[in-house]
Amino acid sequence: MAALVVLFNLKDESARSAYESWANEIDVPTASSMTSVDSFKVFRLGTIMGTEKTSPYQYCEVLEINDMEKLGEEVTSRAMQKVAAQFEAFADNPMFIISEQIA
């Protein structure tokens with residue numbers, strides 16, 4: 001199984017509650033409705049284990065993908081393009097990492 005891991009910080013720290021509400025009400029339900037997505041979880045990142053240092057990223061989204069080719073088709077839908085534009089308003093230079101489960 002593949003996963004799309006998205007690491008990012010917010011453009012504006014004061015947007016935390018707005019982003020988290022949007023993620024729960026719009027982003028996760030919309031992206032989860034795609035047939036290529038098996039699950040979609042959003043994590044607020046904290047400190048680095050065993051230290052007092054904070055993560056270099058504020059958030060991590062993890063989408064488990066059952067068909068990467070189908071995902072490529074589905075993200076071009078009008079609904080997903082709208083969600084992507086909204087995400088871009090929140091996220092500062094997000095990093096989209098395609099990963100493959102090995103164990």
Side-chain angles (χ1 to χ4, degrees):
M1 171 165 298
L4 179 60
V5 177
V6 186
L7 298 170
F8 63 98
N9 293 312
L10 297 177
K11 289 181 178 176
D12 181 356
E13 183 67 33
S14 65
R16 177 176 164 171
S17 63
Y19 164 73
E20 291 183 7
S21 293
W22 172 82
N24 281 295
E25 296 168 14
I26 305 295
D27 191 22
V28 172
T30 304
S32 295
S33 72
M34 293 189 293
T35 61
S36 60
V37 175
D38 285 342
S39 74
F40 182 9
K41 296 178 182 171
V42 180
F43 300 89
R44 182 183 327 124
L45 303 178
T47 58
I48 297 171
M49 188 171 175
T51 74
E52 295 296 317
K53 296 179 183 177
T54 58
S55 167
Y57 296 99
Q58 294 170 312
Y59 292 93
C60 176
E61 296 182 346
V62 180
L63 294 87
E64 290 186 341
I65 309 298
N66 60 52
D67 186 333
M68 289 300 288
E69 186 174 322
K70 182 73 173 172
L71 175 68
E73 296 168 9
E74 291 181 317
V75 296
T76 63
S77 73
R78 181 177 292 178
M80 282 308 303
Q81 289 299 302
K82 181 178 178 182
V83 168
Q86 293 168 340
F87 177 74
E88 288 177 19
F90 285 111
D92 183 21
N93 196 27
M95 188 180 334
F96 294 82
I97 305 168
I98 297 171
S99 61
E100 184 176 338
Q101 184 175 350
I102 61 167

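Remark: S39 engages E64 in a side chain to side chain donor-acceptor pair (under 3.5 Å) (not counting sequence neighbours). Every residue meeting the side-chain contact (heavy atoms from CB on, under 4.5 Å) condition with V28, not counting sequence neighbours, appears here in chain and number order: S32, F40, V42. Taking the side chain to side chain donor-acceptor pair (under 3.5 Å) definition, one finds that S36 meets it with E74, sequence neighbours left out. Residues passing the side chain to side chain donor-acceptor pair (under 3.5 Å) test with N24: none are found, sequence neighbours excluded. Residues that satisfy the side-chain contact (heavy atoms from CB on, under 4.5 Å) test with T51, not counting sequence neighbours, are I48, K53. Residues satisfying the side chain to side chain donor-acceptor pair (under 3.5 Å) test with E61, not counting sequence neighbours, are Y19.
Side-chain atoms of S99 come within 3.5 Å of backbone N or O of A3 as a donor-acceptor pair. Between the T76 side chain and the E73 main chain, a donor and an acceptor come within less than 3.5 Å of each other.
Closest heavy-atom contact between L63 and A31: CD2-CB, 4.4 Å. Here the closest non-hydrogen pair linking A23 and P29 is O-CD, 3.9 Å.
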List, one per line, each side-chain donor-acceptor pair under 3.5 Å for residues 80-94, sequence neighbours excluded.
from, atom 1, to, atom 2, distance (Å)
Q81, NE2, V75, O, 2.6
Q86, OE1, W22, NE1, 2.8

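Taken from CD1 in I98 to CD in E100, the straight-line distance is 11.0 Å, to the nearest 0.5 Å. Between the CG atom in L71 and the CD1 atom in I65 there is a gap of 4.5 Å [rounded to 0.5 Å].
Cluster partners of I97, using a side-chain heavy-atom cutoff of under 4.5 Å among ILVMFWY residues and allowing indirect links, are V5, L7, F43, L45, Y57, V62, M95.
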Before you tell me yes or no, could you show the steps for L10 and Y59 under side chain to side chain contact (heavy atoms under 4.5 Å, CB included), namely the whole-Å CA-CA distance, both residues' side-chain angles and the distance that decides it to 0.1 Å? CA-CA 8 Å; L10 297 177; Y59 292 93; 3.8 Å; yes
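Pairs of residues two or more places apart, or lying in two chains, that qualify as salt bridge (charged side-chain N to carboxylate O under 4.0 Å, His left out) and include a residue from residues 24-51 are E20-R44. Residue pairs meeting the ring pair (Phe, Tyr, Trp, His ring centres under 6.0 Å) criterion with at least one partner in residues 63-84, sequence neighbours excluded, do not occur; the list is empty.
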